Enquirer: 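Pasting a structure below so you can have a look.
FYI, the numbering just counts along the sequence from 1. Just so we're clear, the structure is a prediction, and the values are computed from it rather than from any experiment.
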Amino acid sequence: MSVTSRTQVGIVGAGPAGLLLSHLLALAGVDSVVVENRTRAYCEARQRAGLLEAGTVELLRSVALGKRLDAEGLEHDGIYLQFLGERHHLDFRSLTGGRWVTVYAQTEIVKDLIAARLAAGGMIEFSCGDVAVSDVTSDRPVLSYTDSSGVAHEVTCDAIAGCDGFHGVCRPLIPDLSVYERSYPYAWLGILASAAPATGELIYSRHADGFALYSMRSPEVSRLYLQVAPDEPLDQWPDDRIWAELQKRFAVDGWSVSEGPITDKSVTAMRSFVATPMRHGRLFLAGDAAHIVPPTGAKGLNLALSDVVLLANALRALLKDGSPALADAYSDACLQRVWRSTHFSWWMTSMLHVAPDADSFESQLQLSQLRYVTSSRAAAQSLAENYTGYNPARFDL
Ligand code: FAD
Ligand code: DHB
């Protein structure tokens, strides 16, 4: 026997996409339930993205999620590109007429969103099992799950949002999906370290032995990434080997990476993936459930939140005004930005990483492209415009 209940939108996944959707729907007067298979502590600690486009920051501020972001986020005016042992600064504010980016970790956005939903009486079920969705082509789709105390539930909904990431249960429910995909022959080993960053801006470094990225989380915490093999075993990377490799890939005269205790270490595969359409009947996909980009350029999280704004507007129009136009346009509207981000992430990735089978011709092309973006204002402007973000979708408050 299942406990039955009713809501307007059943949301699968309490990542940034599912949580923001629930928050925006509540502001629009639409009820939702979020069902997540992990614990709250796991969701709040999962180390992932860290960089927000200006439009994402403006969105979060506009829906009362800017308080801690404004107090603790680190505004950055540009980035460094490093190659052949030289570091070049790109000044985004001057290149784009004032755009910037903000370092504020995904973990913090997730904590802020969970706190905001719970304070507003929102329902998030963590640690669920047997999560399933059915009847998505009817106007009463059903979300079922077993809660953390073992009780089975069936929630009758008006629509379901599949915000359950790349390995979720929702995407396979869409028949006749078209999938566009590219795997890259490398991965990122990411670390979090208790060490004051030795740089004010992020450094993207192309080194003959592989790419490295210097990022940060706060004035006391550094976040660093190294290109490694896709199947790289973490146990091959004791801390001293990681620091030695980082020092080598970021080396410039008279400067070094600041070292400290490593508090988190993981390897992330790199892939581009786009599934279309993002909607089937009353099931809508958002974020990583529908598309993945390689992390170079930091688009994944921004893209997920952009989908959610379009979806919140579409669901409000559908469920409150009975108007299906935005829901019908949802997939195509998202995909325009998805493909722009997919191209930019692929381009940044290809320019900066060293493929295991790369020959000297490919290396020379990469170096030529890096010289071009660091010497031509037009080329630098294009990178800066893509990096700082596209015209943000607006949530209709
Ligand atoms: P997710 O964050 O994946 O959230 C999906 C949620 O659904 C999760 O909480 C998951 O537990 C839950 N879920 C899954 N299946 C079920 C189920 N059956 N039932 C219920 N719940 C379910 N982007 C960057 O820009 N920079 C980075 O450095 C970066 N690093 C990354 C590292 C990793 C390991 C990964 C996987 C992604 C990384 N990304 C990065 C991408 C970025 O973090 C994602 O784009 C972002 O998390 C997308 O948010 P989302 O809510 O769509 O998906
Ligand atoms: C971060 C991750 C990225 O992929 C990136 O391009 C910039 C920053 C980060 O985790 O801080």
Side-chain angles (χ1 to χ4, degrees), residues 2-37 59 63-65 113-114 116-126 128 130-147 151-164 168-171 173-174 277-287 289-290 304-331 333-334 393-397:
S2 296
V3 176
T4 57
S5 59
R6 176 85 179 88
T7 192
Q8 287 175 289
V9 181
I11 300 175
V12 188
L19 291 166
L20 181 66
L21 180 63
S22 166
H23 180 83
L24 298 184
L25 289 175
L27 295 180
V30 175
D31 292 334
S32 67
V33 169
V34 181
V35 170
E36 164 64 48
N37 59 5
L59 162 72
V63 295
L65 291 166
L113 279 164
I114 291 174
R117 285 310 295 132
L118 296 181
M123 184 166 168
I124 311 173
E125 289 266 34
F126 290 101
C128 295
D130 311 320
V131 178
V133 168
S134 57
D135 301 338
V136 296
T137 51
S138 78
D139 58 8
R140 289 288 179 273
V142 175
L143 171 60
S144 53
Y145 62 96
T146 305
D147 71 21
V151 177
H153 293 258
E154 273 195 4
V155 190
T156 304
C157 310
D158 296 324
I160 305 273
C163 302
D164 48 349
V169 293
C170 291
R171 190 176 64 251
L173 299 175
I174 300 190
M278 291 170 59
R279 178 223 183 156
H280 177 59
R282 290 283 179 119
L283 170 66
F284 299 81
L285 302 181
L305 300 186
S306 165
D307 286 354
V308 162
V309 171
L310 295 173
L311 184 53
N313 289 337
L315 289 173
R316 190 224 316 248
L318 183 70
L319 303 180
K320 291 196 78 178
D321 311 333
S323 163
L326 292 179
D328 292 345
Y330 170 71
S331 181
C334 290
R394 296 242 169 268
F395 174 59
D396 304 327
L397 272 172

Enquirer: About how many Å separate SG of Cys163 and CG of Leu311, when rounded to the nearest 0.5 Å?
Expert: 6.5 Å

Enquirer: Cys128 and side chain to side chain contact (heavy atoms under 4.5 Å, CB included): which partner among Val35, Val12, Thr146?
Expert: Val35

Enquirer: Minimum heavy-atom separation for Val155 to Cys157, with atom names?
Expert: O-SG, 3.5 Å

Enquirer: Among Asp158, Asp31, Thr156, exactly one meets side chain to side chain contact (heavy atoms under 4.5 Å, CB included) together with Thr7. Which residue is that?
Expert: Asp31

Enquirer: Does the side chain of Leu283 come within less than 4.5 Å of Pro141's, by heavy atoms?
Expert: no

Enquirer: Ignoring hydrogens and angles, tell me if any N or O in the side chain of Ser331 forms a donor-acceptor pair with the backbone of Met278 under 3.5 Å.
Expert: yes

Enquirer: Closer than 3.5 angstrom, by distance alone: can the side chain of His23 be matched with the main-chain N or O of Leu65 as a donor-acceptor pair?
Expert: no

Enquirer: Could you tell me whether the side chain of Asp147 and the main chain of His153 form a donor-acceptor pair under 3.5 Å?
Expert: no

Enquirer: Can you tell me how far the CD1 atom of Ile11 sits from the CG atom of Leu25, to the nearest 0.5 Å?
Expert: 5.5 Å

Enquirer: One pair to check against side-chain contact (heavy atoms from CB on, under 4.5 Å): Leu19 and Ile124. What are the steps and the verdict?
Expert: CA-CA 9 Å; Leu19 291 166; Ile124 311 173; 3.7 Å; yes

Enquirer: Using only atom types and a distance under 3.5 Å, with no angle test, would you say the side chain of Tyr330 pairs donor to acceptor with the backbone of Leu285?
Expert: yes

Enquirer: Do Val30 and Val9 touch side chain to side chain, with heavy atoms closer than 4.5 Å?
Expert: yes

Enquirer: Got a second to check how far Leu318's CG is from Arg282's CZ, nearest 0.5 Å?
Expert: 4.5 Å

Enquirer: Spell out, as yes or no, whether a donor-acceptor pair under 3.5 Å connects the side chain of Arg279 to the backbone of Ala327.
Expert: yes

Enquirer: Heavy atoms only: give me the nearest Glu36-Ala14 pair and the separation to one decimal.
Expert: OE1-N, 2.7 Å

Enquirer: Can you name the nearest heavy-atom pair linking Gly18 to Val34, along with the distance?
Expert: O-CG2, 4.3 Å

Enquirer: Measuring from atom CG of Leu21 to atom CG of Leu310, what distance do you get when rounded to the nearest 0.5 angstrom?
Expert: 11.5 Å

Enquirer: Does Leu143 reach the side chain of Val131, with side-chain heavy atoms less than 4.5 Å apart?
Expert: yes

Enquirer: How about CZ on Arg394, more than 12 heavy atoms from neighbouring residues, nucleotides or ligands closer than 6.0 Å, or not?
Expert: no

Enquirer: Is Asp164 reaching over with its side chain to a backbone N or O of Val169, donor-acceptor style, under 3.5 angstrom?
Expert: yes

Enquirer: I need the minimum non-hydrogen distance between Ala17 and Ala286, along with the two atoms involved.
Expert: CB-O, 4.4 Å

